[in-house]
Amino acid sequence: MMSAQASIISSSNSGSSNWDKKSVRSCSSNASRSAERVSDNTPLLDKNPSVVDIPSVTDEFSGLPHEDAQILRQQVEVPNLQTSLFTVYKYATRYDRFMIILGFALAIAEGSVKALVPLVFGAVTETFTTYVGNYENGLNSSMIFKNNLTVYEYKEFNNSVYGSQYEYISPDDFQSRVNYLALFFVYLGIAEFVLSYITTFIFIDRGEVIASRIKEQYFAAILRQNIGYFDKLGSGEITNRISSDTILIQEGMSEKLGYITENLSTFVVAFIIGFSFSYKLTLIMMSIAISIGIAFAATSNLMRVYFTRSLDGASAGGSIAEEVLSSIHNVHAFQMQDRLADKYSKFLQISEHWALRAGAAVGFMTGFLWLGVYSDDALGFWQGSVLLAKNEITIGQTITVLAAMVEGTFAISNITPHIRSVTSGLAAVNKIFATIDRTSYIDSFSNEGAALDTVEGEIELKNVRFIYPSRPTVTVLADFSLKIPAGKTVALVGASGSGKSTIIGLLERFYAPLAGEVLIDRHDITRLNVKWLRQQIALVSQEPTLFSCSIYENICHGLIGTKNEFASEIEKRALVVEACKMANAMVFVDALPEGLDTNVGERGFLLSGGQKQRIAIARAIVGDPRILLLDEATSALDTKSEGVVQEALDRASKNRTTIVIAHRLSTIKNADLIVVMRRGEIIEQGTHDELIARKSDYYELVQAQTLDSEQKPIATTDDVTEEIEDEKKMEMTELSQVKTSFTLGRIGTVACKAEIPEIRKYSFLELVNFISDLSAPERRLNIFGALCSVIQGLGYPSLGLFYGKCVEAFSYMPNTYRMRREINIFAGLFFMLASVELLASATALGIYSYTGQKLVRRIRIGTFRRIMRQDIAFFDKDENSTGALTSTLSRDAQAVEGLSGTTFGQLMNSAMILLSSIVLALSVAWKLGLVTTACVPLLIGAGFYRFYILAKFQQDGRKSHLISATYACEAASSIRTVVSLTRENEVLNTYHASLDEQIRLSRRQSNISALWYGVAQTLIFLIMALAFWVGSLFIKTHEYSLFQFYVTFMSVVYGAQAAGIAFSFAPDMGKAYQATANVKALYDQEPEIDTWDADGPGPENVEGNIELKDVCFRYPTRREIPVLRNLNLTIKKGQYVALVGSSGCGKSTTIGLIESFYRPTSGQVMLDGKDISQYSVNRYRSHIAIVSQEPILYSGTIKENIQLGSLCEVSDEKIISVCKQANIHDFIMSLPDGYDTLCGSKGTLLSGGQKQRITIARALIRDPAVLLLDEATSALDNESEKVVQAALDEAAKGRTTIAVAHRLSSIQQADVIYVFEDGKVAESGTHQELLAKKGRYHELVKLQALEANA
């Protein structure tokens, strides 16, 4: 029978898991470490393993009726969007548009200034060649006056087009002309400084501003989406879009767009100048530009497609990372690090796969551009010499046209390094704006819909049919009808998955029904305004969500939309205090050093589960809502708190409509109506007494929770009212004296402000060595790429040699034969150089793209693994929130590419250009070489200082970026709570303020960066002026020839200009420098409890004896607050031990110490008589399993989630067996896909009870020696609890079991029960022994006993 059942799920078991390297359990020899994979059913990966891509989405609603499919489709689909470069300016204001237009105009003017250089260059070259030609042709003043023939010939030439070339120029006149023309370089340099500075600042500043608006619009669009949209979208993807994709958009529309515009302007103006001087030569050389343009257009489109697919993979991986990091306790407990890292790596492989193709396209385009640049010189000199020989053009015109065309083509080549940023930005625009433009099916920002004047609270569901958009094959409610009178309390009970929480989701308009109506006060809620509707309803969920701010601010969120929303601070504080008293929260709040102003941490992680739930209850009731929805509102409370809080909720329920979902039936005994549900239908309803009298389904549920405290029959409510009132009064008195030890200390002072630690200062050399070590596997490829860059860098010195020879050849005129012979030779060499540059640059960039993407993937997976390596204390710190760490994974790894890949190639190329040019210049004309070389450090210094400034500001800007990304992630991952509280506007305003702070901080950075960029650009013109002036001195005295001058000039000056392109990457290098420092700091950080340390021994022949001896403990982030105070516990092997007590008394902390999440401040935690700190943590944890209070699942199938509990490959029979023990097998088999059913991000596609039972199965599958149950059955319905508890009791035999429990019915059979109070054991014994003592435990039991409380 088991084998037959196993065959049902065997189809997805084709691979084994990637087990933890540190595990000591032997696995079968055929278990492959690389076989852990995402299921074939996972929609993010293609079923064909040879295809690495995010596949297109198929229509999963095609099998439904058209109207149903349309409703479901509208809740989840995202339209395809066609975007362009100008789409990014959609949210620009009038001022933004003016500034952007001004920026474009100034960029065009700046490009025009650079295009004017050939005019001056041509005029200077003509002056040089004429002067040198006079000397070489023997033309001097004496010949003009003494030889009539010479005068005649000169006049003939003067009457021809060559006349000006052979006019006599005296040395003084020559120097005067050069001085005059050199001043034009100075004037152009001044204009360049002004234009480049203003242009760069405008583009950077407006890019930052508009990118912030896009972030804000995207975040607003996320907040307005219906909940069905989030069922298929992880919050990690949202974080990735905000922290990574919007930065790509910003980079694509900021200074890089200015560079592209400037160079395009240079290209156009250069062509205009060329046509004005010689249309024939310009048309001939234009063929090169046209071929470059065609190649550019073709590869740009390919790059955009490839980058889009690469970003899809990275975003999907971001969701996986966010899931993992938000459940780090669970990851450590089950040693899932390597397996989840491999899962994350699968999506990085997708990103890498397409990024490599994009890199190859960049390499091809760049190589083709260099082919064009050098071919332009070959074609220009060759055809220019032909036209010169035909008397159709002068030398000056030839040089001007040639220089203009080369300048234009060179401008296009300058675009190449920046075009990747623009195409990456455009790729990111598609996803971002598709979400922004998506019309939400249920839009909380919409003003449409009515708002009733008064709300009575009558609720009715009429013939409702409902299917979740994420699970279209399962009908949750078929034809459901229920009427709830105004002011009444109705309880919904039944098995997990019966549709109870669905009803709450429909009332809150999280989803839309397929048929039927949901009415409030006889009004269809689809015709009511969504935000107004939610403001009339207060919701307390089973898993309460708090936000990272103070307790006071969290509770004030419940006032949004009420008459007290804008009340004075004093009035609000009074309301908050009253709500806290009603929710029994003031008991622990008063014990905190900063009271209501204490910060609760991300998602409230600094509070215990019970404390969080009481704050959530206070938040719900502070606004006095007309409708109150309680979805397991007291499930996380201890027995003491539950009684008092339940009484408070009973009071709060008066005069308002209340719907209660409860598994713990003691909480709903006073309900006006109890509705028992099964599989989306009502099977019976009535009051508690009526249903008990019927002795049907409800009666059986009650029996399942009966405590054996006193032997007497089930009574009716009236029998015990007076007794309960007395007990409540006694409980209030005692609770007021309880002090929680799980408090926050001085952390509250930061209230919503993250503390970012200082990153250790690393030298540039240290970071380069670090990157080099990470790139070690590709070292040979990088060396080969460096050789290609060396070859590419030698192009400019070669250009100088060939150029000098060609210009020297012009001085041979009027000897056209000699002139053409020389030029033909060197034109051929130019084309040969172009071919070499094509191969060298394309190969270098292809290699750097490959090695760069390998590095990015290695850093991402390495960073992810090292984050998971850190101990739990690391994650307790504010700066290490899930959002911050997910953002770091996404942003820093990509930024590090600024010191590798394309940028590294450009740096290598620039370095070789400079080195080889200087060497050549000094060897050809050392005096002139010294002068020009002395200017190079100024150019490099300006660029380097800009890089230094950007790196410094990048470190400062990291803090504000981290805060905003963390805030966005927190809100996105808590979207249900945000929209139910109608916090959308408040969240957006806070996010807006955070973005404004970023802009304020970056504006000064942008200003200084633009200033130094302007300086660097101006220096090029000034160096040209100096070079021509100094060169003229040597030419005048004939100390240097034209060849020597132009070799030196072209090599050093133009070479330095080409090398200066590297500093246009200064922003990228600045980000890369800081990102590399961040990554290295993480790599260097070694945790106290290190899961990578395999040196320690492991427990052998584990029996399961646990002992805590004189244990004192304080949380690392709250050293001043003692949590455990000399705790002593002894648990013998095979015992079932229960820990009970009020919230915050140290029960869960004890579990954490046994799991080795923390080390005790003093004392020892012993396993079989040995201190667990002596063991290897992995080997120790391999003998322990835990089921936590909040069930945690991961995206993937049910089967994969269960397999994560085992360290070795498990059989299908084993999986089925543990699922039966956890009472989940029948439910799984009822699903269309069985064990291959997807759980959704964080298990959102399953109910709380279903998730909990799967986590129990996951714990049982590893067959642990010690089983830890932290409220393991709190989310189970009454039908399941008894069966699961029996299974757990059976599973506990032969192993040590430690259970933390608030529901005492689940632990009454325990061998020993320890009652905690103030971090110590107040009393211990069996259930009967403790009842006989009539102490603390007796009081807890009396409050929960259904026989007494019926």
Side-chain angles (χ1 to χ4, degrees), residues 18 20-23 33 236 239-240 243-244 314 317-318 320-348 351-352 756-760 762 766-767 769-777 854-877 879-897 899-900 958 962 966 1072 1074-1095 1116 1156-1157 1176-1178 1181:
N18 179 12
D20 195 306
K21 297 176 184 177
K22 315 302 183 299
S23 172
R33 286 186 56 81
T239 306
N240 195 69
S243 62
S244 180
I320 295 292
E322 195 275 338
E323 273 189 338
V324 172
L325 297 179
S326 64
S327 59
I328 195 66
H329 290 75
N330 199 60
V331 172
H332 273 256
F334 286 94
Q335 301 155 276
M336 300 177 184
Q337 291 95 324
D338 282 352
R339 288 167 281 167
L340 292 175
D342 287 342
K343 187 175 182 181
Y344 176 62
S345 182
K346 297 293 182 183
F347 295 98
L348 297 186
S351 180
E352 178 192 59
I756 310 298
E758 291 297 321
I759 300 296
R760 182 197 148 187
Y762 292 100
E766 282 183 294
L767 297 182
N769 287 334
F770 174 64
I771 294 298
S772 176
D773 290 340
L774 286 178
S775 303
K854 289 291 183 183
L855 177 64
V856 168
R857 181 181 178 186
R858 191 171 294 122
I859 288 177
R860 275 189 174 148
I861 193 65
T863 302
F864 187 51
R865 288 181 184 277
R866 279 162 179 80
I867 289 174
M868 291 192 293
R869 174 194 182 186
Q870 302 304 314
D871 53 29
I872 302 301
F874 172 85
F875 299 93
D876 289 346
K877 299 174 183 176
E879 67 270 14
N880 295 327
S881 64
T882 301
L885 294 174
T886 305
S887 178
T888 295
L889 271 176
S890 172
R891 184 187 64 248
D892 284 356
Q894 192 65 47
V896 169
E897 198 179 8
L899 287 178
S900 63
R958 171 179 172 267
L962 195 62
T966 300
Q1074 183 57 46
T1076 306
N1078 298 340
V1079 172
K1080 181 165 172 53
L1082 184 61
Y1083 270 59
D1084 290 346
Q1085 185 166 339
E1086 294 187 5
E1088 179 186 359
I1089 304 173
D1090 193 353
T1091 57
W1092 286 13
D1093 185 4
D1095 293 338
S1156 198
F1157 288 157
S1176 162
V1177 66
N1178 283 315
R1181 285 178 182 163

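All residue numbers refer to positions in the sequence shown, counting from 1.
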Residue pair D892, R860: steps toward the salt bridge (charged side-chain N to carboxylate O under 4.0 Å, His left out) verdict: CA-CA 8 Å; D892 284 356; R860 275 189 174 148; over 6 Å; no
Can you find a pair of side-chain heavy atoms, one from [X] and one from [Y], that are under 4.5 Å apart?
X	Y	value
L885	E322	no
Q337	R339	no
K854	E352	yes
D1093	V1177	no
K346	I320	no
F874	L1082	yes
Q870	Q1085	yes
R865	W1092	yes

Could you state the interatomic distance from [atom1] ([X]) to [atom2] ([Y]), rounded to the nearest 0.5 Å?
X	Y	atom1	atom2	result
K343	D338	NZ	CG	15.0 Å
I859	L855	CD1	CG	4.0 Å
N880	L325	CG	CG	10.0 Å
S1176	D1090	OG	CG	9.5 Å

Say whether, by atom type as modelled, one donor and one acceptor occur between the side chain of S327 and the main chain of V324 under 3.5 angstrom. yes
Considering all heavy atoms, the nearest [X]-[Y] contact:
X	Y	value
Y344	A321	CE1-CB, 3.9 Å
S775	R858	CA-NH1, 4.1 Å
H332	F1157	CB-CE2, 4.0 Å
I861	S345	CD1-CB, 3.9 Å
M336	N330	CE-ND2, 3.5 Å

Are Y1083 and F770 an aromatic pair, judged by ring center distance below 6.0 Å? yes
Show, in sequence, the C-alpha distance, side-chain angles and deciding distance for T1091 and Q335, and conclude whether the side chain to side chain contact (heavy atoms under 4.5 Å, CB included) test is met. CA-CA 9 Å; T1091 57; Q335 301 155 276; over 6 Å; no
